[in-house]
Number of protein chains: 2
Amino acid sequence: MNIEKAINKLKEKGYKRTKQRERILEIFSEQDQGYIPAKTILKEIQKDFPGVSYDTIYRNLYLLAEEQVLESTELDGEKHFRFHCDTHGHHHHFICTGCGKTKAVEFCPMDKIAQSLDGYAVDDHKFEIYGKCPGCL
Amino acid sequence: MNIEKAINKLKEKGYKRTKQRERILEIFSEQDQGYIPAKTILKEIQKDFPGVSYDTIYRNLYLLAEEQVLESTELDGEKHFRFHCDTHGHHHHFICTGCGKTKAVEFCPMDKIAQSLDGYAVDDHKFEIYGKCPGCL
DNA sequence: TATCTAATCGTAACCATTACAATTACATCT
DNA sequence: AGATGTAATTGTAATGGTTACGATTAGATA
Ligand SMILES: [Mn+2]
Ligand SMILES: [Mn+2]
Ligand SMILES: [Zn+2]
Ligand SMILES: [Zn+2]
């Protein structure tokens, strides 16, 4: 997902282009391919906008996730975000606990178990693999 | 897992039998088959021990998880616990977001993807399915 | 019963997240 | 360009789950 494309997607919904929002997107495009904790986004953005508030960070992260520009997960009780993967279909991730980088896992276990949940309403699922990537080993 | 068996397991490691610890185990054996948030354990135990402290709850829950008497997961930013499943091998769970009850899913996706993670060190994985159980529908 | 140590209590700190009133910035229209 | 309407940000505080710790109590053992 490209920054301009993301900004336009928001514009169509009536959301405005702001320097802070743009900077958040920049941060994600610099550190691609990995989950970043909200805290890190805040610290990074403070370099350019010293007085930035928590509200701004979280409002934007949640909005961007809502609009599928970002995707999120929770690791060690902290929310993490990354650019949404739109290059291929539904898939899952290996997540490096060292650097946050991810590797796509092109397999969804839901197909294999659908019939075993007859009578249950499935709303969501989570499949994540944790460990160290080659770079961190 | 039976309460006496759990207490004995702890005794062998030098941990003492206390009323509070026993009560925690009782709570889990009453509400079997489902995840319970730490908060609920606290509220429940306060009926018998009004002055019980957070320290006691968390120390015991973490100890019991460490000793494999309980297993834990994080849902909506809150830690949840349940009796450890020791009746069968490694498996995963459907978790009802209404009542916390779980249903075993006898399929682990790790077998299918092991070879796709060559060069990566896998430490852990999480596969959970969320939705409503028949009772909550 | 004396002693040793685990366990608990009471309380506060911690930390990520959420909330909100006041102010400012962005986009649009005339 | 200037006025207007609304989204967005700021500054700050509250919330809520979790963690920490010194002082005290209770369980186990001899
Ligand atoms: Mn991906
Ligand atoms: Mn089970
Ligand atoms: Zn899937
Ligand atoms: Zn598994």
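All chains are named by letter (A, B, ...) in the order of the sequence lines, taking the proteins before the strands, and each is independently numbered beginning at 1. Atoms considered below: every heavy atom in the structure, side chains included; atoms not considered: hydrogens, waters and symmetry mates. Here the structure is a predicted model, which is why all the values come from computation and not from measurement.
- Here the C1' atom of nucleotide D/dA26 and the CZ atom of B/F49 are 12 Å apart, to the nearest Å.
- To the nearest angstrom, C1' of D/dT9 lies 17 Å from CZ of A/R17.
- In terms of the side chain to side chain donor-acceptor pair (under 3.5 Å) criterion, A/S72 has no residue partners (sequence neighbours excluded).
- For A/S29 against A/I3, the heavy-atom pair with the smallest separation is OG-CD1, 3.7 Å.
- Note: CD (B/E22) to P (D/dA26) measures 16 Å, nearest angstrom.
- Here the side chain of A/Y15 is nearest to one of C/dC9, D/dA7, D/dG17, namely D/dA7.
- A donor-acceptor distance shorter than 3.5 angstrom exists from the side chain of B/E71 to the backbone of B/C85, with no hydrogens or angles considered.
- One interatomic measurement links the two molecules: NZ of B/K11 to C1' of C/dA7, which rounds to 15 Å at whole-angstrom precision.
- Rounded to a whole Å, the CD1 atom of A/I57 is 14 Å from the C1' atom of C/dA16.
- Between the side chains of B/T102 and B/Q33, no donor N or O sits under 3.5 Å from an acceptor N or O.
- Counting only distance, with no hydrogens or angles, the side chain of B/H84 and the backbone of B/R82 share no donor-acceptor pair below 3.5 Å.
- Of the residues near DNA chain D, B/T18 and B/H80, the one whose nearest nucleotide (by heavy atom distance) lies more toward the 5' end is B/H80.
- Among residues at least two apart or in separate chains, there is no salt bridge (Lys or Arg N to Asp or Glu O under 4.0 Å) pair with a member in residues 89-100 of chain B.
- At a non-hydrogen distance threshold of 4.0 Å, A/K39 from residues 39-46 of chain A come into contact with DNA chain C.
- With sequence neighbours left out, the salt bridge (Lys or Arg N to Asp or Glu O under 4.0 Å) criterion links B/E12 to no other residue.
- For the residue pair B/K126/B/T73, the side-chain donor-acceptor check at 3.5 Å is satisfied.
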Name the pairs: protein N/O against N/O of nucleotides 11-13 of chain D, kept only if under 3.5 Å.
{"residue": "D/dG11", "atom": "OP2", "partner": "A/G51", "partner atom": "O", "Å": "2.9"}

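- Applying the salt bridge (Lys or Arg N to Asp or Glu O under 4.0 Å) test to B/K39 and every residue at least two apart in sequence or in another chain returns B/E78.
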Pairs: protein N or O with nucleotides 1-4 of chain C N or O, under 3.5 Å:
none

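- Side-chain contact annotation: A/H125 with A/H92, donor-acceptor N/O pair under 3.5 Å present.
- At the phosphate of C/dC15, neither OP1 nor OP2 sits under 4.0 Å from any side-chain N or O atom of A/K79.
- Within the hydrophobic cluster formed by Ile, Leu, Val, Met, Phe, Trp and Tyr side chains joined at under 4.5 Å, directly or through other members, A/Y120 is accompanied by A/F94, A/V105, A/F107, A/M110, A/I113, A/L117, A/V122, A/F127, A/I129, B/F94, B/V105, B/F107, B/M110, B/I113, B/L117, B/Y120, B/V122, B/F127, B/I129.
- When each of C/dA16, D/dT19, C/dA6 is scored by its nearest atom to the side-chain atoms of B/Y62, the top-ranked nucleotide is D/dT19.
- Applying the side chain to side chain donor-acceptor pair (under 3.5 Å) test to A/H80 and every residue at least two apart in sequence or in another chain returns nothing.
- Distance CZ (A/R59) to P (C/dA16): 20 Å, rounded to an integer number of Å.
- Distances from the side chain of A/Q20 to the nucleotides D/dG27, C/dT17, D/dT9 place D/dT9 closest.
- The side chain to side chain donor-acceptor pair (under 3.5 Å) pairs that include a residue from residues 106-115 of chain A are A/H88-A/E106, where partners are two or more places apart or lie in different chains.
- Qualifying side chain to side chain donor-acceptor pair (under 3.5 Å) partners for A/Q46, counting only residues two or more places apart in sequence or in other chains: none.
- Whole-Å rounding puts the B/L10 CG to D/dA28 P distance at 12 Å.
- The residue A/T56 sits close to a base: some heavy atom pair falls under 4.0 Å.
- For the helix from C/dT1-D/dA30 to C/dT30-D/dA1, the axis fitted to the five pairs at one end and the axis fitted to the five pairs at the other end meet at an angle of 30° (nearest 10 degrees).
- C/dT18 atom C1' lies 16 Å from atom CG of A/L63, rounded to whole Å.
- Relative orientation of the A/Y62 and A/Y58 rings is tilted, given thresholds of 30° and 60° on the angle between their planes.
- Nucleic acid contact class of A/R21 (heavy atoms, under 4.0 Å, all strands): sugar-phosphate only.
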